[in-house]
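Scope of the values below: all heavy atoms of this structure, side chains included, with no hydrogens, waters or symmetry mates. As the structure is a computational prediction, the values presented were derived from the model and not from experiment.
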Amino acid sequence: MGPHPAVAAIRLAVRRVLHDVLTEHQTDPATADDGTPLVLVACSGGADSMALASALAFEARKLPVRAGGITVDHGLQHGSDTRAREVAGRMTALGLTPVEAVAVTVGREGGPEAAARDARYAALDAAAERHGATAILLGHTRDDQAETVLLGLARGSGIRSLSGMAAVSGSAGRYRRPFLRLDRQTVRKACVAQELAVWDDPHNSDPAYTRSRLRHEGLPALEKALGKGVVEALARTAQLSRDDADALDTWAADAETSVRDEAGALECAKLHGLPPAVRRRVLRRAVIAEGAPAGSLFARHIEEVDRLITGWRGQGAINLPGRVEARRQGGRLVIRQG
């Protein structure tokens with residue numbers, strides 16, 4: 001008799017990712033002779049990440065892969081340090097090594113959710129460097145993807161924000177999300193079937209947090225109105241949007257050279273001839289190249305620069321993040337850091 005269907009599903013998802021990691025490790029000249037790759041799981045102790053940790057521990061035993069785990073203590077709740085040690089102990093009991101609990105200080109920039117996320121990823125990046133890990137597995141599910149798409153839609157910041165989370169992201173493809181095609185219910189069933197102890201973060205049900213409100217109020221209301229297929233449809237939208245955004249990014253990269261003169265300056269007439277979606281991407285790339293931080297550059301900034309091309313009325317320079325300014329001069333778009 002085989003494993004519970006939910007357990008089989010999570011193990012298959014992880015097995016596929018581990019095979020990808022191994023293939024890349026063997027074909028990359030920089031790592032080909034580097035020994036057995038280390039794959040870490042980022043584990044909060046919740047159902048999603050505990051299921052992921054259990055599947056990684058099981059599958060790694062059958063492959064030339066070392067498997068370890070990292071849990072991040074954000075220090076936002078009383079007793080969080082004790083809980084982090086407990087989670088580390090559970091990962092060790094699964095057979096993962098090395099296992100580490102890392103404490104971080106969460107700032108305030110961008111709001112509590114964004115600040116916690118930034119601190120967490122910084123800690124995971126540092127842990128990967130410290131241990132020489134090839135990849136870090138994250139337990140985001142299809143439900144998380146649906147929530148991310150809705151949050152992007154609410155921000156109104158374009159097709160890239162509807163792309164959700166990538167299955168592979170980060171520097172050199174460090175972050176992998178094996179569960180993006182699995183729903184949260186399947187992952188939780190896998191925990192129950194394996195009798196895994198899990199911890200439900202109270203922040204996940206705290207209405208003070210936007211994602212929590214969306215999870216417990218917004219998505220259920222949509223499902224009630226539109227039917228149970230909403231989560232799957234939103235996840236599919238993410239993949240389609242990602243494909244479209246990737247294609248437009250490639251088009252913009254190719255178009256960038258064609259809209260510059262012999263001296264390398266951007267020509268407004270040639271920019272005007274591009275489709276708006278491509279032109280805005282060219283402008284964004286150009287502004288970032290001059291020193292504007294990508295994370296601080298919003299759609300409204302690019303729209304203002306775009307008006308120098310499409311709505312020229314003699315307006316002055318546009319001030320952008322990173323002390324970058326854009327101005328129109330003699331039929332050229334001049335972008336420079338002040």
Side-chain angles (χ1 to χ4, degrees), residues 4-6 9-10 13 42-52 74 76-77 106 108-121 138-167 169 175 177-193 196 198-246 277 295 298-300 303:
H4 185 282
I10 65 168
C43 186
S44 68
D48 302 344
S49 59
M50 279 304 299
L52 185 56
H74 297 85
L76 298 176
Q77 300 165 5
V106 176
R108 296 182 178 181
E109 190 172 348
E113 291 166 283
R117 183 177 62 249
D118 290 346
R120 179 166 60 254
Y121 277 101
L138 303 175
H140 298 116
T141 65
R142 191 169 67 186
D143 298 72
D144 294 306
Q145 185 74 298
E147 293 160 11
T148 302
V149 173
L150 283 175
L151 289 169
L153 184 63
R155 284 194 297 269
S157 50
I159 194 170
R160 181 57 76 183
S161 70
L162 301 183
S163 302
M165 296 172 284
S169 65
Y175 292 106
R177 296 176 173 86
F179 291 170
L180 277 187
R181 294 181 183 274
L182 297 179
D183 60 53
R184 190 175 289 141
Q185 188 176 19
T186 296
V187 175
R188 286 188 173 272
K189 284 179 180 176
C191 288
V192 173
L196 292 174
V198 300
W199 171 67
D200 286 315
D201 186 345
H203 283 168
N204 290 338
S205 56
D206 187 341
Y209 294 92
T210 306
R211 188 176 284 269
S212 173
R213 292 196 301 274
L214 185 59
R215 180 173 301 176
H216 296 285
E217 300 171 27
L219 263 176
L222 279 175
E223 288 185 334
K224 185 177 180 181
L226 302 175
K228 286 290 183 182
V230 169
V231 167
E232 186 177 357
L234 287 168
R236 190 164 59 250
T237 295
Q239 186 56 58
L240 293 171
S241 298
R242 181 168 299 279
D243 291 344
D244 289 351
D246 288 346
F298 302 130
R300 59 182 172 83
E303 286 167 6

Show me the side-chain donor-acceptor pairs of residues 180-193 shorter than 3.5 Å, one per line, residues at least two apart or across chains.
| from | atom 1 | to | atom 2 | distance (Å) |
| --- | --- | --- | --- | --- |
| D183 | OD1 | Q185 | N | 3.2 |
| D183 | OD1 | T186 | N | 2.7 |
| D183 | OD1 | T186 | OG1 | 3.0 |
| R184 | NH1 | E147 | OE2 | 3.4 |
| R184 | NH2 | D144 | OD1 | 3.0 |
| R184 | NH2 | E147 | OE2 | 3.1 |
| R188 | NH2 | D200 | OD1 | 3.3 |

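- Looking only at side-chain heavy atoms (C-beta outward), R160 and D246 come within less than 4.5 Å of each other.
- Rounded to the nearest 0.5 Å, atoms CE (M165) and CZ (R242) are 9.5 Å apart.
- Evaluation of the salt bridge (Lys or Arg N to Asp or Glu O under 4.0 Å) rule for K224 yields no partner, not counting sequence neighbours.
- Between atom CZ of residue R236 and atom OG of residue S241 there is a gap of 11.5 Å, rounded to the nearest 0.5 Å.
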R142 vs E232, test: side-chain contact (heavy atoms from CB on, under 4.5 Å). Steps then yes/no. CA-CA 7 Å; R142 191 169 67 186; E232 186 177 357; 4.0 Å; yes
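- Residues H74 and R120 have side chains in contact (heavy-atom distance under 4.5 Å, counting atoms from C-beta outward).
- Nearest heavy atom pair, residue S44 against residue G46, reads OG-N, 3.1 Å.
- Checked against V231 for a side-chain contact (heavy atoms from CB on, under 4.5 Å), the options L219, L222, V149, T141 give a single hit: L219.
- D48 and F179 get closest at one heavy-atom pair: O-CE1, 3.6 Å.
- Interatomic distance, CG of L52 versus CG of L138, reported as 8.0 Å (0.5 Å rounding).
- The shortest non-hydrogen separation linking R177 to S169 is NH1-OG, 2.9 Å.
- Across every non-hydrogen atom of I159 and A245, the tightest pair is CG2-CB, 4.0 Å.
- The minimum heavy-atom distance linking Y121 with Y175 is given by the pair O-OH, 3.4 Å.
- Rounding to the nearest 0.5 angstrom, the gap separating the CG atom in L162 from the CG atom in L151 is 11.0 Å.
- Pairing each heavy atom of G45 with each of M50, the nearest pair is O-CG, 3.5 Å.
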